[in-house]
Amino acid sequence: MNQRLKPVRGMRDILPEDSARFSLIEDTFRSVLSGYSYEEIRLPIVESKNLFDRGLGESTDAVSKEMYSFHDRDSSELALRPEGTASCARAIVNHSMAHEDKPRLWYAGPMFRHERPQAGRYRQFQQVGAEAFGYSGPAIDFELIQIVTNVLESLGLIESVTLLINNIGDATARARFRDALVNYLNPYESDLDSDSRTRLHKNPMRILDSKNERTQTILEGAPKLKEFVGDHSTERFELILGMLSEAQIAYEVADQLVRGFDYYTDSVFEWVTDQIGAQDAVCAGGRYDGLIELLGGKPTPGIGFAAGVDRIALLKSETQEDASYRSTDVYLIALSEDQRSYVSEIAKRIRQGTNLRVREHTEPGRMGSKMRWADKSGATWAVIAGESEEVELNVSIKWLRSDREQLRVPLVGMLEVLKAA
RNA sequence: GUGGAUGUAGCUCAGGUGGUAGAGCACUGGAUUGUGGUUCCAGCGGUCGUGGGUUCAAAUCCCAUCAUCCACCCCA
């Protein structure tokens with residue numbers, strides 16, 4: 001890449017071929033979500049920093065270390081959103097949307113976290129998320145999981161991912177568990193890896209998914225979160241698992257699965273893959289029954305997921321043959337500049353009469369060169385017009401991807417030939 | 001924030017022990033004045049990431065810095 005001017009660290013250009021993949025993924029979410037009657041909401045990219053401090057929790061890495069925060073001209077503290085759920089919940093509160101209705105919403109857009117870039121991890125990344133407010137029964141958990149499953153099936157990726165699910169209980173249960181865990185681990189403090197030692201004081205539950213073997217061995221005798229979760233929550237969780245089994249959606253209950261943001265409660269879930277490197281979560285979500293109240297609304301249960309479009313696109317390109325990307329169906333060649341207006345007329349007719357993607361060769365040059373560009377464009381046909389075609393109101397149609405012989409047809413019969421293919 | 005690897009043409013990469021840059025692909029033209037995908041010939045194309053230092057001389061050695069990739073961490 002040219003060294004002089006380039007995107008800032010962790011930001012990148014999504015070039016046309018990748019962009020087409022992104023669009024396909026987003027369109028698939030859009031279409032499946034629409035089938036479940038989820039409504040689109042468009043949320044600001046910039047919010048008050050305060051929203052994330054309160055919503056996600058000030059001790060989380062996303063807020064304390066990775067947030068793009070800055071002072072506005074009037075010195076108020078703003079931030080680029082690191083995720084979408086907090087904004088969505090704020091909108092629910094601001095517009096009293098959960099008073100007369102139980103909204104099911106979705107959004108898509110860029111999120112920002114100041115992390116060290118890595119495979120599948122960028123400082124600006126694209127998410128599609130869905131949130132449902134006002135539902136406390138297990139069927140909504142199931143519905144959201146089913147939505148994501150449908151999307152992944154439709155994209156041909158369901159075999160490449162594993163659904164992990166866990167129940168982390170409510171805030172009280174977690175607080176009691178946290179105390180018990182710290183009490184258990186304290187005597188082993190010097191045997192823990194250094195990251196876990198730090199987390200013991202800051203965010204002990206994070207120790208559970210440590211990759212350090214020694215730490216994992218120590219954890220074998222530790223108290224289990226599920227022993228602290230209330231009966232009601234456990235029952236609810238069992239009902240979700242039952243629905244998944246009945247719908248033949250494969251899952252693994254993952255005791256160690258915890259979420260990075262403070263707002264999560266009860267059921268949490270995540271789709272992971274082993275095919276795109278260390279950043280293995282392609283979609284994750286869970287329930288957050290306390291969030292709306294935390295942001296000043298009346299108590300309202302909530303649940304949602306967020307999918308990482310960049311990672312799903314990466315997974316798609318890693319696991320599937322390139323369905324040879326093409327941008328052009330018809331490549332139009334004027335033999336000389338004298339036929340320019342005739343060729344424009346031909347282009348107009350094809351664009352108006354079909355959905356074909358028509359590209360005109362606009363530069364002068366010799367015929368061989370024009371044909372080479374026609375070939376490279378990936379077009380199915382080259383449509384060629386020289387002086388004799390113009391005089392006789394004909395076009396020459398050449399098949400570029402087959403041995404079929406070149407045809408010369410009257411202009412009025414051209415669309416029929418192109419549509420017949 | 002920590003660690004490892006890597007930065008040479010648009011792309012993929014060569015350039016032992018310092019002597020001032022090369023190939024393939026791509027692109028343009030020609031062989032072939034209205035027909036691509038094969039071949040042959042020619043041409044275009046480089047602040048050797050950036051800034052210092054050592055030296056008569058640095059892509060090459062030293063220092064710093066930036067960036068990319070991968071992993072830790074974190075997470076979508």
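The CG atom of A:Leu192 sits 14 Å away from the P atom of B:C73 (whole-angstrom rounding). Straight-line distance from the CD1 atom of A:Ile276 to the P atom of B:C75: 16 Å, rounded to whole Å.
Around OH of A:Tyr68, the count of heavy atoms belonging to other residues, nucleotides or ligands within 6.0 Å exceeds 12.
Judged by distance alone, with hydrogens and angles left aside, A:Glu389 brings a side-chain donor or acceptor within reach of the base of B:G34, the pair sitting under 3.5 Å. No hydrogens or angles were tested; on distance alone, nothing pairs the side chain of A:Ser369 with the base of B:G29 as donor and acceptor under 3.5 Å. On a pure distance criterion of 3.5 Å, a polar donor-acceptor pair joins the side chain of A:Arg121 and the base of B:C73.
For the residue pair A:Thr198/A:Asp195, the side-chain donor-acceptor check at 3.5 Å is not satisfied. For the residue pair A:Glu131 and A:Tyr288, a side-chain donor N or O sits within less than 3.5 Å of a side-chain acceptor on the partner. Checking A:Thr85 against A:Arg90 by side-chain atom types alone, no donor-acceptor pair falls below 3.5 Å.
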Report the C-alpha separation of A:Asp375 and A:Arg401 in whole Å, then their side-chain angles, then the decisive distance to 0.1 Å, and conclude whether the salt bridge (Lys or Arg N to Asp or Glu O under 4.0 Å) test is met.
CA-CA 9 Å; A:Asp375 183 44; A:Arg401 311 288 150 210; 3.2 Å; yes

Go through the steps to decide whether A:Tyr38 and A:Glu143 satisfy the test side-chain hydrogen bond (donor to acceptor under 3.5 Å, both in side chains), and finish with yes or no.
CA-CA 11 Å; A:Tyr38 280 62; A:Glu143 177 175 283; 2.6 Å; yes

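For RNA chain B, none of the residues of residues 152-163 of chain A falls under the heavy-atom distance limit of 4.0 Å. Sorted by residue number, the members of residues 109-120 of chain A with any non-hydrogen atom under 4.0 Å from RNA chain B read A:Arg113, A:Glu115, A:Arg116, A:Gln118, A:Ala119, A:Gly120. Near-neighbour residues of RNA chain B inside residues 300-315 of chain A, defined by a heavy atom below 4.0 Å, number-ordered: A:Ala306, A:Gly308, A:Arg311.
Comparing B:A67, B:U35, B:A71 by their nearest atom to the side chain of A:Ala278 picks out B:A71. Checking B:A76, B:G29, B:G36 against the side-chain heavy atoms of A:Ala281 singles out B:A76 as nearest. Among B:C74, B:U28, B:U35, the nucleotide with an atom closest to any side-chain atom of A:Trp373 is B:U28.
In a base pair of the Watson-Crick type (N1 to N3 plus N6-O4 or O6-N4) or a G-U wobble (N1-O2 and O6-N3), with each distance short of 3.5 Å, B:C69 is matched with B:G4.
Residue ring and base: A:Phe125 counts as stacked with B:A76 (centre distance below 5.5 Å, interplanar angle below 30°).
A salt bridge links A:Arg214 with A:Asp191; the closest basic N to acidic carboxylate O contact falls under 4.0 Å.
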Each nucleotide of nucleotides 37-45 of chain B classed B (base within 4.0 Å of a protein heavy atom), S (only sugar-phosphate) or -, in 5' to 3' order, makes B--------

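Nearer the 5' end of RNA chain B, as judged by each residue's closest nucleotide, is the contact made by A:Met367, out of A:Val8 and A:Met367. Toward the 5′ end of RNA chain B lies the nearest nucleotide of A:Gly365, the other residue of the pair A:Gly365 and A:Gly277 mapping further downstream.
With sequence neighbours excluded, the residues forming a side-chain contact (heavy atoms from CB on, under 4.5 Å) with A:Glu66 are A:Asp61, A:Ala62, A:Arg113, A:Glu115, listed by chain and number.
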For nucleotides 30-32 of chain B, give me every protein contact, N/O to N/O, under 3.5 Å, one pair per line with atom names.
{"unit_1": "B:G30", "atom_1": "OP2", "unit_2": "A:Arg366", "atom_2": "NE", "d": "2.7"}

